[in-house]
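Comments concern the structure below.
Proteins come first, then strands; the chains are lettered A, B, ... in the order of their sequence lines, and each starts at number 1.
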2 protein chains.
Amino acid sequence: LPEAAELDRLRVVLVRTRNPLNIGAAARAMSNFGFTRLRVVNPYEASFREAQSAVGAAELLRSAEEFSSVSDAIADCSLVVGTTAVGHREIVHPLLRLEQGGRRMREHLGSGRAALLFGSENHGLSREDLSHCHWLLRIPTRAEHISMNLGQAVAVCLYELVREDSAARESVAETTERASGEDLERVDHALFEALAASDYIKAGADASTSEKARRLVRRMQLTPEDARTWTGMLAKMSARMRSGR
Amino acid sequence: LPEAAELDRLRVVLVRTRNPLNIGAAARAMSNFGFTRLRVVNPYEASFREAQSAVGAAELLRSAEEFSSVSDAIADCSLVVGTTAVGHREIVHPLLRLEQGGRRMREHLGSGRAALLFGSENHGLSREDLSHCHWLLRIPTRAEHISMNLGQAVAVCLYELVREDSAARESVAETTERASGEDLERVDHALFEALAASDYIKAGADASTSEKARRLVRRMQLTPEDARTWTGMLAKMSARMRSGR
C-alpha cells in the first residue's frame, strides 16, 4: 500500500452531487482505502454530513471541506484529474484509462498534491469543471453501459490507487514538481489579460474562450517557477499594450 | 478486456443480502463491466427484482436466478471463491489479496465456470457458506476499516477481473503528437519578439536570455496545434505593443 503521506495528498472532490447517500458512500470507500480528505463543491443537499451511508466514516464525512467553486477546491493541488463517462460530450483533454491514469496519479502523489474530481450523478463534470483538469480518467466500463453509480466509481478509482502492482512500484516516481491550481490560475489570468489587450480575443469573450485558454495552460505542465515566469512575462506585455493606447 | 465467453462464465452469488438496493447496485456494476449472470441465495426481500438502484441493468436483475442454498447456487461451477473482510472469524481457507486472486480467477474463466460469493451486509459469509469455497479473496482495505459496502465491494472485484494489466504500462507520451523543432522555433521567435517589445528583456540581450526562453518553450511539451496557437497569440501581442509606440 502507498504510504500514509501519499494517501493524505489526494483530495477527492465531489462536484454538485445530488444524492447525499453517494457522498456518504464515497466517504466510506475513502476510509476503507486509507484516504482522508474529502471536498464537496455545491452539494445539492446541505445536510449531506449526516448521510447514513458513511458507515465507519462519519468523522471523515463531518470534516469534509465545502467549496462554492471547483477553482477554490483544487487551488492547492498541482495535479487535477477529472473522471468522465465519455460519449456524451466532445473530449478535448488527454483521456487515460484508469489502469494508466491511476499509475500516473500515484507517481504524482509521491511528492505532490492531486485532486480527483467526480461530477454529478446526472450530468457528470461540466465543460467549465473540465477546463481545470490536466487530463481525464475513465473507468473501463463497456460502451453499452458506461455510466457507473457514483459511490461505486469512487471505490473503483481509489482501489486502483492503492492496488499493489509490483511493476507499478518499480516505476520511477515523478520527481518534477508541478505548479498548483493557484499558480495556474495566475497564469490563466495573465494570459487572458494579454489576449484581451492584444485584441486576440474581443472584450466580453464567452466562457468557451477562457476555457480554451485554461486548457492550453494546463497542457503546458508547468513547474511552479515556470508558472511565475509566464505570469511575469504576460503581465509585462499587458502593461506595455495598455500604456501604448 | 476479457472475451464475452469468459465474462459469461462468472456467476456473481449474493448470499442472504438484506438490502435490495445492494442487489440492484451489484447488478449495475456487473452490467458496467460486462458480466451477465447474477444469482441470489435467500435474499431478505422477496421483491429485490424491482430495486431502483439497478440503473441500466433492470433486465439483468430480472433474470437473476434464485436459490435456497449456496450448494445449489454453485453446483455448475468448477471454482468457488468467497469474499471476506477477515478479522471476525478464524480463517481456515487459503486467503488471497484481490490482485492475486483476480488473476487466478481470470485464468480459470478462460475455460471453466467460477462463482464469486458475497455474504450478507452484517455477517458476511457463514462457516457453512465458506465450506463450499476453494479459497477466499480479500479486498485490500485497511485493518482499521475493513468492511466495505456490498455494492462497492462487488464493483471493485469485477473491475479487477476486467482490468487490463498492459494498459497500465502503455506510455501516454507516445500517443500525443509533439511539435517539431521548426514549430518550436517559431514559438521561440514570437516569444522573444514579444519579450523585447514589452521591455521584459532589453534590446541586445545576451545569448543566455534567449536560451532561457528556448528552454521554457521546450518544457511546455507543445503539440503542433498548441505551438501554432502560441505563435499566433504572441505575434498579435507584439503587433499591438509595436503599434502603440
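- Distance check: B/D226 CG to A/R219 CZ gives 4.0 Å after rounding to the nearest 0.5 Å.
- The aromatic rings of B/Y159 and A/Y159 lie perpendicular to each other, with more than 60° between the two planes, well past the 30° mark.
- For B/S53, no part lies under 4.5 angstrom from a heavy atom of chain A.
- Looking at A/R142, its side chain does come within 3.5 Å of a backbone N or O of B/S31 through a donor-acceptor pair.
- With rounding to the nearest 0.5 angstrom, the NZ atom of A/K212 is 9.0 Å from the OG1 atom of B/T229.
- The candidate with the highest count of non-hydrogen atom pairs below 4.5 Å against chain B, out of A/A29, A/A25, A/G34, is A/A25.
- For the pair B/E164 (side chain) and A/E99 (backbone), a donor-acceptor distance under 3.5 Å is absent.
- For the atom pair CG of B/L195 and CZ of A/R240, the computed distance is 12.5 Å after rounding to the nearest 0.5 Å.
- Ranked by heavy-atom pairs under 4.5 Å with chain B, the list A/A143, A/C157, A/G151 is led by A/G151.
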Assess the residue pair A/L234 and B/M237 against the criterion (side chain to side chain contact (heavy atoms under 4.5 Å, CB included)); give the C-alpha distance rounded to whole Å, side-chain angles, the decisive distance to 0.1 Å, and a yes or no. CA-CA 10 Å; A/L234 292 163; B/M237 293 178 202; 4.2 Å; yes
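- The main-chain N or O of A/V55 is found under 3.5 Å from a side-chain atom of B/H145 such that the two form a donor-acceptor pair.
- For A/W230, the part lying under 4.5 angstrom from a heavy atom of chain B is the side chain only.
- A/E160 has its side chain within reach of B/R163: a pair of non-hydrogen atoms, C-beta onward, lies under 4.5 Å apart.
- The environment of A/E225 atom CD is sparse: at most 12 non-hydrogen atoms of other residues, nucleotides or ligands sit within 6.0 angstrom.
- A salt bridge is absent between B/K236 and A/D199: the closest approach of a Lys/Arg side-chain nitrogen to an acidic carboxylate oxygen does not fall below 4.0 angstrom.
- If you measure heavy-atom distances from A/L98 to chain B, the contacts under 4.5 Å come from both the backbone and the side chain.
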request  = Would you check, one step at a time, whether the test side chain to side chain contact (heavy atoms under 4.5 Å, CB included) holds for B/M233 with A/L216?
outcome  = CA-CA 12 Å; B/M233 293 189 309; A/L216 189 70; 3.6 Å; yes
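- Heavy-atom pairs under 4.5 Å with chain B peak, among A/A155, A/S147, A/A239, at A/S147.
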